[in-house]
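See below for the structure under consideration.
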Amino acid sequence: MTHLLVEPTHMELAEPSIRDAFESCIEQGVHHIIVCPFILFPGRHWSQDIPSLSAEVVKEHPDVSYNVTAPVGLHELFVVF
């Protein structure tokens, strides 16, 4: 059976950090982490900062992989007009 684990995180200025969320997942036995940025538009945080912060943690855990999805953006299920 596959289980879904969701860990909220903040990139900066608040806790938990990306490192904290990754470590929490790893402690719970996760071997692949999907990072889904809850941001509106692609930019430096999505293309550089989040992948870099994620890669730092994974370097310490060679059995763990990750990928960063496209930002949630202006998805029709989130936008109310």
Side-chain angles (χ1 to χ4, degrees):
M1 175 182 266
T2 302
H3 297 278
L4 178 65
L5 174 64
V6 177
E7 288 286 338
T9 183
H10 298 275
M11 201 186 80
E12 56 191 7
L13 304 177
E15 295 293 326
S17 67
I18 289 176
R19 174 174 289 282
D20 293 340
F22 264 73
E23 294 290 350
S24 176
C25 289
I26 293 165
E27 288 171 7
Q28 295 178 66
V30 173
H31 294 283
H32 182 74
I33 298 172
I34 299 171
V35 181
C36 183
F38 194 70
I39 53 180
L40 294 179
F41 302 106
R44 191 177 128 205
H45 287 327
W46 171 67
S47 65
Q48 295 175 16
D49 299 333
I50 293 170
S52 176
L53 291 166
S54 300
E56 284 180 29
V57 181
V58 171
K59 276 195 281 189
E60 300 165 14
H61 302 278
D63 59 328
V64 176
S65 61
Y66 74 96
N67 68 304
V68 180
T69 69
V72 171
L74 297 175
H75 191 281
E76 63 188 30
L77 295 176
F78 290 115
V79 178
V80 179
F81 292 97

State the CD-CZ distance between E56 and F22, to the nearest 0.5 angstrom.
11.0 Å

What is the distance from atom NE2 of H45 to atom CG of L53, rounded to the nearest 0.5 Å?
10.0 Å

Flag side-chain contact, heavy atom, 4.5 Å: [X] against [Y]:
X   : Y   : answer
E27 : C25 : no
I18 : I50 : yes
T69 : I34 : yes
D63 : H31 : yes
E7  : L5  : yes

Connected via hydrophobic side-chain network under 4.5 Å: M11 and I39:
yes

Test of understanding: clusters of I, L, V, M, F, W, Y form through side-chain heavy atoms closer than 4.5 Å, transitively. Do V72 and W46 belong to the same one?
no

Can you confirm whether the side chains of D49 and S52 place a donor and an acceptor under 3.5 Å from each other?
no

Joining Ile, Leu, Val, Met, Phe, Trp and Tyr whenever any side-chain heavy atoms lie under 4.5 Å apart, the cluster holding L13 also takes in none

Salt bridge (charged side-chain N to carboxylate O under 4.0 Å, His left out) partners for E23, two or more places apart:
R19

side-chain contact (heavy atoms from CB on, under 4.5 Å), that's the test. Do D20 and T9 meet it? Break it down for me.
CA-CA 8 Å; D20 293 340; T9 183; over 6 Å; no

Specify the closest pair of heavy atoms between P37 and A70, including all atoms of both residues, with the distance to one decimal.
CD-O, 4.0 Å

Between A21 and P8, the two heavy atoms sitting closest are CB-O, 4.0 Å

Between [X] and [Y], is there a donor-acceptor pair closer than 3.5 Å when you use the side chain of the first and the backbone of the second?
X   : Y   : value
Q28 : S24 : yes
S65 : H32 : no
Y66 : V57 : no

